[in-house]
Amino acid sequence: MVPFKAPNRLVPFLRSLPRWRQPPGLSLSYRFISGASPNILMEVVKATLKRASAAHDSVAIRAENNCYSYTQLVSTACNICDQLCSSNLSNTECRDRTSLHTNTESKNLHGARVGILARPSAEFVAGILGTWLSGGVAVPLALSYPETELLHVMNDSDISIVLSTQEHQELMEKVTSKCSSNFSLLPSVETAGNEEIHFISNMIDKMNESRQIEGEDPALILYTSGTTGKPKGVVHTHKGILSQRWRESYPADGSKSDNAITLFTGVPTMYTRLLQGYETMEPDLKTASAFAASQLRLMMCGSSALPYPVMKHWEEITGHRLLERYGMTEFVMALSNPLHGTRKAGTVGQPLPRVEVKIVGEDGTISDGVGELCVRSPSQFKEYWKQPKVTQESFIDGGFFKTGDTVMVDEDGYYIILGRSNADIMKVGGYKLSALEIEAVILEHPSVSECCILGMQDEDYGEVVCAIIVPVEDVKKVIGLEELQKWSKERLAPYKIPTKLFIWDAIPRNAMGKVNKKELKKLLQH
Ligand SMILES: Nc1ncnc2c1ncn2[C@@H]1O[C@H](COP(=O)(O)OP(=O)(O)OP(=O)(O)O)[C@@H](O)[C@H]1O
């Protein structure tokens with residue numbers, strides 16, 4: 001459980017990266033400059049540059065046992081910017097290819113898309129910064145994507161150039177050649193000298209004068225996980241990213257060193273895997289791992305429902321009650337259990353500051369019961385890339401985004417995610433059932449390791465409740481349908497009890513550890 005290295009003070013732009021870009025192994029520290037006006041060139045980049053200038057030696061990123069200073073990060077980003085602006089981009093109006101060092105304003109990719117494929121590393125962060133410096137729009141590419149998925153994202157977002165590291169060079173050269181984009185190696189982040197420090201302060205002056213990029217301009221295109229269909233490109237603006245800036249929430253009381261790792265965030269599958277790893281450890285390693293985890297300030301979880309047994313087990317071992325929250329690629333975070341106060345299992349807490357929510361019933365009216373969650377937030381995306389119709393259909397009056405998730409609010413005002421309206425809400429003989437509710441109950445069974453509930457088509461009932469179960473390893477007796485029904489009967493209403501059961505070795509999951517239920521249904525129905 002120990003090997004994760006997590007951010008202690010997060011640089012805000014990293015918060016905007018997809019969660020598969022923030023796994024264990026990457027940590028960074030941050031002290032941010034506040035009070036900047038929101039409508040000038042790339043506030044996040046500027047703040048990082050300022051930080052580099054004011055405290056060039058302080059650690060910006062820790063990854064894979066190395067520390068990288070702000071100066072190292074920024075000077076590499078500047079090199080990348082140079083590299084991008086001097087590359088021969090086929091579909092980019094790169095007006096001027098003069099050196100960035102001599103003329104910042106004339107260098108601009110004018111919103112050309114730059115794909116970035118690299119492990120979570122200083123190079124990845126420098127790639128994002130360098131892209132923004134050059135006036136490009138960053139499109140992070142998932143390492144786990146097979147070639148077809150990469151091609152979908154690259155063609156869809158019309159990527160001009162892909163930045164990647166040597167280890168992925170062969171693959172990416174092949175893929176880029178198939179979609180007529182260019183390939184370029186990301187330089188490694190290395191030590192910078194005093195000249196660079198001088199250069200950085202010049203850069204800040206130049207950027208302060210510049211008005212090339214406005215807050216409303218696209219900064220990032222994040223592709224959704226593709227749990228419910230082909231991944232869509234979610235366009236985030238510079239202004240939207242800025243609105244996620246973390247305040248100085250970590251008190252500078254000297255109780256922790258600057259380099260202390262204090263925070264970890266993961267998806268439920270990561271915690272499940274960490275717990276599985278923990279179970280196989282020798283006692284000494286178990287103790288050391290549990291202690292190290294207990295020293296963190298905060299541990300969070302999101303992206304799909306956190307099974308209660310995982311939450312409970314994690315708390316028993318590390319002392320951390322996981323803070324569960326709810327977000328989407330489209331607006332990053334919206335609902336969260338509190339930092340201080342009660343973290344209620346099975347809920348995702350309440351709206352974060354400046355986030356407004358509505359629950360809309362099937363008849364389109366505002367409901368205080370069960371309905372679709374609609375969200376309006378300052379960190380909201382601008383549009384789906386090249387999908388104006390889908391974008392338009394995704395909002396209701398007043399600019400509230402339709403999440404497609406069915407929710408309800410409990411007696412304390414905490415939100416409960418009942419699931420994706422089109423995949424997790426089953427219609428069984430006139431009842432509407434939440435697959436997530438049933439999964440949560442079955443996961444409590446001691447011989448169940450993973451569970452997925454699906455509504456399978458049925459002539460009589462419309463749908464019937466079907467369970468796919470992965471048994472815990474070395475279980476003496478694999479659970480059968482009879483035992484499953486007995487367990488469920490004591491905990492669920494009769495119409496929620498599964499009537500079909502599949503026992504599998506593993507449940508297929510995407511890069512985010514999520515199950516594509518639509519695909520699974522198709523598979524099972526054939
Ligand atoms: N804490 C949570 N509990 C339950 N579900 C969650 C939680 N956090 C996020 N989700 C689910 O994840 C969804 C957002 O995921 P994301 O933006 O990564 O794309 P995706 O929905 O998985 O993929 P796609 O949009 O391509 O189908 C939410 O709409 C919600 O269904």
Side-chain angles (χ1 to χ4, degrees), residues 15-22 140 142 144-145 149 152-153 156-157 220-236 265-271 299-308 310-311 322-337 343-352 355 357 372-375 377 379-381 384-385 387 390-391 393-394 401-408 410 414-425 434-440 443 452-453 508-520:
R15 301 291 311 142
S16 68
L17 302 183
R19 284 137 288 173
W20 37 264
R21 294 289 183 202
Q22 306 166 21
S144 56
Y145 273 173
E149 293 277 11
H152 164 69
V153 170
D156 188 65
S157 58
L220 267 182
I221 302 181
L222 301 180
Y223 275 80
T224 58
S225 319
T227 313
T228 55
K230 275 235 170 265
K232 295 190 285 289
V234 173
V235 180
H236 282 277
T265 185
V267 302
T269 310
M270 284 162 79
Y271 288 104
M299 304 198 83
M300 298 185 285
C301 187
S303 179
S304 49
L306 173 63
Y308 180 62
V310 174
M311 186 187 202
L322 293 173
L323 185 154
E324 187 172 359
R325 65 233 169 92
Y326 163 92
M328 283 186 85
T329 315
E330 283 83 345
F331 46 73
V332 198
M333 286 305 145
L335 303 169
S336 177
N337 272 285
R343 296 179 194 167
K344 284 184 80 174
T347 81
V348 291
Q350 293 174 310
L352 286 161
V355 172
V357 295
E372 181 177 12
L373 180 73
C374 296
V375 171
S377 155
S379 64
Q380 205 148 291
F381 75 124
Y384 289 115
W385 182 252
Q387 300 203 44
V390 181
T391 304
E393 288 165 0
S394 301
F401 173 72
K402 288 154 63 180
T403 62
D405 287 314
T406 302
V407 301
M408 59 181 273
D410 77 2
Y414 281 49
Y415 284 70
I416 297 171
I417 309 292
L418 297 172
R420 292 275 193 187
S421 311
N422 60 8
D424 294 313
I425 304 299
S434 159
L436 302 195
E437 184 199 350
I438 303 172
E439 282 167 10
L443 279 166
C452 167
I453 295 289
R509 293 178 187 274
N510 66 16
M512 291 290 289
K514 298 191 197 191
V515 180
N516 184 333
K517 292 194 177 179
K518 281 189 183 168
E519 288 298 320
L520 271 189

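Counting starts at 1 for both ligands and their atoms, in listed order.
- Annotation: side chain of L322 is not in contact with side chain of R343 (no heavy-atom distance under 4.5 Å).
- The aromatic rings of H152 and Y223 sit perpendicular to each other, their planes meeting at more than 60°, with 30° as the lower class boundary.
- Within the 4.5 Å cutoff, side-chain heavy atoms of D410 are placed close to those of K344.
- Between the choices C301, G513, P231, G327, the shortest heavy-atom distance to atom 14 (C) of ligand 1 belongs to G327.
- The shortest N or O to N or O distance between T224 and ligand 1 is below 3.5 Å.
- Proximity of D405 to ligand 1, defined as any heavy-atom pair under 4.0 Å, is confined to the side chain (atoms from C-beta onward).
- In this structure, R325 counts as a contact residue of ligand 1, since one of its heavy atoms falls inside 4.0 Å of the ligand.
- No salt bridge links K230 with D156; every basic N to acidic carboxylate O contact stays at or beyond 4.0 Å.
- Both the backbone and the side chain of S225 come within 4.0 Å of ligand 1, judged by heavy-atom distances.
- Near E324, meaning under 4.0 Å from any of its heavy atoms, are these atoms of ligand 1: 1 (N), 2 (C), 3 (N).
- Closest to atom 8 (N) of ligand 1 by heavy atom, among P268, S303, G419, is S303.
- Those atoms of ligand 1 that come under 4.0 Å of a heavy atom in V348, given as number and element, are 1 (N), 2 (C).
- Considering backbone and side-chain atoms together, K230 places no N or O closer than 3.5 Å to any N or O of ligand 1.
- For atom 2 (C) of ligand 1, the candidate residues are G302, G346, S304; the nearest heavy-atom contact is made by S304.
- Considering only heavy atoms from C-beta on, L520 comes within 4.5 Å of C452 through its side chain.
- In terms of heavy-atom proximity, E330 sits nearest to F401 at CG-CZ, 3.6 Å.
- For the atom pair CZ of R325 and CG of L335, the computed distance is 11.5 Å after rounding to the nearest 0.5 Å.
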